[in-house]
Amino acid sequence: MLNVSIYRYNPDVDAEPYMQDYKVDTQGKDVMVLDVLEKLKTEDPTLSFRRSCREGVCGSDGVNISGKNGLACITPLSAAVKGNKLVIRPLPGLPVIRDLVIDMTQFYAQYEKIQPYMINDSPAPAIERLQSPEERAKLDGLYECILCACCSTACPSFWWNPEKFIGPSGLLQAYRFLADSRDTATEERLANLDDPFSVFRCHGIMNCVQVCPKGLNPTKAIGHIRNMLIRSAT
Amino acid sequence: MANMKTMSFDAVIVGGGGSGMRAALQLAESGYKTAVITKVFPTRSHTVSAQGGITCAIASDDPNDQWQWHMYDTIKGSDYIGDQEAIEYMCQTGPEAIFELEHMGLPFSRTAEGRIYQRPFGGQSKDFGKGGQAARTCAAADRTGHALLHTLYQGNLKSKTTFLNEWYAVDIVKNEDNAVVGVVAIDIETGETVFVKSKATVFATGGAGRIYASTTNAHICTGDGVGMALRAGFPVQDIEMWQFHPTGIHGAGTLVTEGCRGEGGYLINKDGERFMERYAPNAKDLAGRDVVARSMVLEILEGRGCGPDGDHVYLKLDHLGEETLNAKLPGILELSRTFAHADPIVEPIPVVPTCHYMMGGIPTNVDGQALTIDKEGNDQVIEGFYACGEAACVSVHGANRLGGNSLLDLVVFGRASGMFIEKQLREGINLKEASEADIERAMSGLNRINNSEGGEKASVLRAELQTIMQNYFGVFRRGDFMQQGIEKLNELRPRIENVALEDKSNAFNTARIEALELQNLFATAEATAIAAEGRTESRGAHAREDFQERDDENWLCHSVYFPESKTIGKRGVNFNLKTREAFEPQIRTY
C-alpha cells in the first residue's frame, strides 16, 4: 500500500488547510500520479483537482509532487515516490481555491501583458506568409508551452513579485513572438518589457528549466530577450 | 429564482475549443458583445490534443491540388451520407480559413519554399481517386491542435472576447416559442448559478468519447451539448456513428496520430506481416479509419494479435530513422515513451482501435443554425440555437470522418456560424424574454442533483456505463447484443438519475460537475444505442455482423433520434452541389 499525503482545503468547510493521509493499492504498478488522484476521487469525491487530456498537452494538472512541480498525468510513481510516500500539494506561490486547485489569475495576467499574439500590420497576402524552415525552427522549444504554470510557480522571483515580474512562462512566450520572422512589433515588444522588473528580476536560478514538463528552457529565452534589450539600448 | 443573477450578451458560445473560439473571434471582431462559457481554461480544451494536422487543398505539396479532389475524398470517406453541400462549402472555403490562421500566427511546419508543410493522411487522393495518394494535411509538427488552439486563444485575447472560464453550462433556457434564449451556468470557482442570456446561443461543446471505456478523448469530453439539447427536446443526428481511431496506445488509450502512417509507418501483426496490404491493396495503411480499425480487430480476433494476450497490433516507425522521427513526430516519441514504455526509434508502438470521434451530433445547416424536424418531416430552424464543431452534425463526416477533417470542420464552421450570427444581429434578433418558469425548468436537473440524498457514486456509475457501451456498441455490432445493451442502459438510467452528491459545498466542487456530466454521458450513450440498433445496415464506422452490407435503398440517409419518443427517424442526405453534379454513391474500396 502506497502512503499518499494530499493538501486539503475547502474554504466552505475548513478553517485552515491540512494534509490528509490516504493509503492506495497500486498493485505494484508504476502508474501516473493522476491515476492515483483519480482512484482517490472515486473513494473520496470531495477531493478537487483539475485534469483534462491526461497525456501532458493541456496543462491542467500541474501540481507539486513530492516537492517538485510537474504534471500529474505524465509523472510516474517511480519518479515521485520516496520511501513509499507520495506527497501532493498545489503549485506553490499562488492562492489556493480548494485542495489542489490554485487561482491562476496572476499567472494569466502576466501572459496577457506580453501581447501573446502575432502583430504584423502589413497587408496579408492571399496565401500564407512565407517562412523558411530555418526561420520556423527558431520557434521550436518556444511555441510548445502549455501554460501549466509549473515553471512560474517554481520561480523565487515570481513568488516575490508575481504582479511585476512576467515570470518564465510569460517570457518564453514573449520570446516566441520576438523570434517569429512574421512578427513586426519587435521594438514595441521590447519597449513593453524594458523596466527593472518585467525581465530583469530573473536571476538565472533555472528552477523553471528543472520542472518544465515539456522540456522547454525559459532561462535561455530570457537570456535572448536580455540581449535584445541591451542591444536595442545601445 | 427571482433574485438569480442574469448576464446578457449578443452571442454566447458554450465551449472554448477550436470551433467555439473561432466563432467567438468572428463575433468579437465585429464588435458584438460576445462571451465564451468554458468548463476549462480555453487552451485546455480537447482540440489541444489533435496531432497530425488540418486537411485542406492549399496546393503547397502539390501546386496542382484541387479542393474538388478533397471534396470527393470526404464524400467517399463519409460512405455517402455526408451532406455534399456542406462538404463542398468546407473544402472550398478551407484555404481561406487556413490562411487566416497562419496570418494569426499559427506556427505551421514549412517546406523548403517557405510554404505550409503538408503530409499524407488516410483516404486522400488526387484526381478524384484516380491519381494516387495526396499529401493534403497541413501540419505544425505533430502538435497541430495545440498550435491551432493557442493561436485562436491569442486571437481572442487580441479581440477582447469575454471569457467565462471554468463555468459549466447546465441546461438550455427556452422561451414560450421554443426558441433558445441562453443557458443556466455554474461559476465553478464560487458555485454561483447564473442565467446567461443571449440573442444567439452557440453550442461548441465538443464530443463525448468518454461514453466508452477506451477512448483517446480527454476526461472533459462528456457530451454536454448533446445532453443539454436532448433534455431540451431537440433531436440529434447520426449519433450511432462513432469513429474508432486505429492507433490508440494499448492500455492507455492515448492517441498516436495517423500522421505516423502518413510519414511511412505501418501496422504489423504478431508475425511481422504488414497486414493492411491484404485488406486495402492500394491505400494499405492509409485506407479510411473505419477500414483500418476493422482490419486490426479482425487480425486480433483471428489470433494474429501481439503481446502476451494477443490483444493489440504494432505500429512500426523505426525504419523512418531517428532524424525524421525527431523532426516530424516529436510528440509521438514523448507519448510512446511515457505511456507505452516503447521508444519508437528502436521498437514498435502497441496500438489498438480506440474511440476517437463522434460523427453525429446536433443537426445544423451550413450557417450553424440548429435544426429539428417537424411533423411533415421538414427541416425546421430552432431560433436562437446554433452548433458547430464536433457537437454539431452539419454533416461533413457522414458515417466516417477522414483524418485532418476535424480541425478543418472546426475552423470553417466556427467561422461560418460567427459570420451568419453577425449578419443576423445586424438585421436584428428579437426573441421573447424567458419567463421565470422557463428558467426554473432549466434549473430542474441541477436542483435535483443538489437535493440528492443517498444514491451511488458518479465514478462507479460512469464506469458501468462505459463498460456497457464498450461491450455492446463497439467496432463490431450485432442486433441481439445491442438489444441487451439497451436493456442494461434502461436498468442503469434510474441509478444515474439518482446519482449521489454528498458534498454540497460551493467552492470548486468538481463532484457536482461530474454528477452533471454523467447525465450528459448517459443521454449521449442512450441515443447512440437506440440509433445503432435501429440502423439495420453496415456503413462507415457502423459495422453490423447481422447486416453486413450497405443498404442504399433504405439507409442512404441520416438517422435522427428524437429524445421524447426515444425513436429514430430518417432525414435525407443533401446531394445539392453548387459547382458541379452530385457524387453518386459508389462501392467504397481503398
Side-chain angles (χ1 to χ4, degrees), chain A residues 10-13 30 32 38 41-43 45-60 74 76 97-99 101 103-104 108 111-112 115-120 124-133 135-136 139-140 142-147 176-177 180 182-183 214-215, chain B residues 40-41 43-46 48-49 58 60 95 98-100 102-105 107-116 140-141 143 145-147 150-151 154-155 157-158 189 191 218-220 252 254-255 331 334-335 338-339 457-460 463 500-503 505-511 514:
Chain A
N10 179 348
D12 292 351
V13 182
D30 189 17
M32 300 296 171
E38 288 287 345
K41 190 163 176 69
T42 64
E43 289 156 24
T46 67
L47 176 63
S48 282
F49 52 91
R50 293 184 174 107
R51 87 282 181 270
S52 177
C53 75
R54 58 81 166 95
E55 57 191 24
V57 293
C58 79
S60 296
I74 54 169
I97 296 172
R98 171 173 174 165
D99 299 340
V101 178
D103 180 351
M104 297 175 75
Y108 295 136
Y111 174 66
E112 288 178 33
Q115 297 179 290
Y117 37 78
M118 176 76 61
I119 301 174
N120 185 328
I127 59 165
E128 68 270 46
R129 294 183 202 278
L130 300 183
Q131 185 174 48
S132 71
E135 288 167 334
R136 169 59 183 76
L139 307 183
D140 285 336
L142 305 173
Y143 83 95
E144 300 94 323
C145 173
I146 57 173
L147 301 178
R176 175 250 173 277
F177 288 98
D180 196 320
R182 300 169 296 171
D183 189 277
K214 304 311 286 181
Chain B
V40 293
F41 182 78
T43 63
R44 326 235 183 263
S45 306
H46 188 53
V48 82
S49 291
I58 59 161
S60 162
I98 300 285
F99 296 140
E100 284 170 2
E102 195 282 332
H103 299 154
M104 232 181 280
F108 282 111
S109 302
R110 298 288 168 160
T111 65
E113 293 76 36
R115 294 209 59 192
I116 294 171
R143 303 187 181 96
H146 169 277
H150 280 253
T151 301
Q154 293 160 355
L157 285 179
K158 195 176 181 182
E189 182 177 336
H219 285 287
I220 57 171
T254 41
L255 173 69
E334 264 180 62
L335 281 173
T338 305
F339 289 103
K457 282 176 178 165
S459 54
V460 173
L501 181 67
E502 285 174 24
D503 177 8
S505 66
N506 286 320
F508 223 101
N509 187 345
T510 52
E514 288 188 23

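These figures come from a predicted structure and were not determined experimentally. By convention in this document, chain letters (A, B, ...) are assigned in the order of the sequence lines, proteins followed by strands, and residues within each chain are numbered from 1.
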Out of A:Glu135, A:Met32, A:Glu144, which one racks up the most heavy-atom pairs below 4.5 Å with chain B? A:Glu144
So, the part of B:Glu514 with a heavy atom under 4.5 Å from chain A: the answer is side chain
Residue part contacting chain B, namely of A:Asn120, when any heavy atom lies under 4.5 Å: neither
Any sub-3.5 Å donor-acceptor pair from B:His146's side-chain atoms to A:Cys58's backbone N or O? no
Under 4.5 Å from any heavy atom of chain A - which part of B:Ala507: both
Which of the residues B:Leu501, B:Val460, B:Ile116, B:Thr151 is involved in the greatest number of heavy-atom pairs with chain A at under 4.5 angstrom? B:Ile116
For the pair B:Ser505 (side chain) and A:Asp12 (backbone), establish whether a donor and an acceptor sit closer than 3.5 Å, ignoring hydrogens and angles. no
Counting only non-hydrogen atoms closer than 4.5 Å, does A:Ile146 touch chain B with its backbone (N, CA, C, O), its side chain (CB onward), both, or neither? both
B:Thr338 side-chain N/O to A:Ile74 backbone N/O, donor-acceptor pair under 3.5 Å: no
When you measure from the side chain of A:Arg182 to the backbone N and O of B:Gly105, does any donor-acceptor pair fall under 3.5 Å? yes
With a 4.5 Å heavy-atom cut-off, do A:Gln131 and B:Phe108 have their side chains touching? no
If you take all heavy atoms of A:Tyr143 and B:Pro107, which pair is closest and at what distance? CD1-CG, 3.7 Å
Would you mind checking which part of A:Val101 comes under 4.5 Å of any heavy atom in chain B, side chain (CB onward), backbone (N, CA, C, O), both or neither? side chain
Side chain / backbone / both / neither for B:Ser45 at chain A, heavy atoms under 4.5 Å: neither
Lys/Arg N to Asp/Glu carboxylate O, B:Arg115 vs A:Glu128, below 4.0 Å: yes
With distance as the sole test, does B:Lys457 use its side chain to make a donor-acceptor pair with the main-chain N or O of A:Pro45 at under 3.5 Å? no
Looking only at B:Ser459, B:Ala463, B:Gly191, B:Ala500, the option with the highest number of non-hydrogen pairs under 4.5 Å against chain A is B:Ser459
Approximate separation, where rounding is to 0.5 Å, of A:Ile127 CD1 and B:Ile98 CD1: 13.5 Å
Salt bridge (Lys or Arg N to Asp or Glu O under 4.0 Å) involving A:Asp140 - partner list, sequence neighbours excluded: A:Arg136
Look only at the side chain of B:Glu102 and the backbone of A:Arg129, and say whether a donor-acceptor pair between them is shorter than 3.5 Å. yes
Region of B:Phe41 that comes under 4.5 Å of a non-hydrogen atom in chain A: side chain
Suppose we screen for side chain to side chain contact (heavy atoms under 4.5 Å, CB included). Which residues come up paired with A:Gln115, at least two apart in sequence or across chains? A:Tyr117, A:Ile119, A:Glu188, A:Arg189, A:Asn192
Tightest non-hydrogen contact, residues A:Cys53 and B:Ser49, listed as CB-OG, 3.8 Å
Of all the heavy-atom pairs spanning B:Arg44 and A:Leu147, show the shortest one and how long it is. NH2-O, 2.8 Å
Who among A:Ser132, A:Ala126, A:Pro125 has the most heavy-atom pairs with chain B under 4.5 Å? A:Pro125
Hey, does A:Arg50 have a side-chain heavy atom less than 4.5 Å from the side chain of B:Thr510? no
Is chain B contacted by the side chain of A:Phe177, its backbone, both, or neither, given a heavy-atom distance below 4.5 Å? side chain
With a 4.5 angstrom heavy-atom cut-off, is it the side chain or the backbone of B:Glu502 that approaches chain A, or both, or neither? neither
Would you mind telling me which of A:Asp183, A:Leu139, A:Asn10 has the largest number of heavy-atom pairs within less than 4.5 Å of chain B? A:Asn10
Which atoms of A:Arg54 come close to chain B, meaning under 4.5 Å heavy atom to heavy atom: side chain ones, backbone ones, both, or neither? both
Rounded to the nearest 0.5 Å, how far apart are CG of B:Leu335 and CD of A:Glu55? 5.5 Å
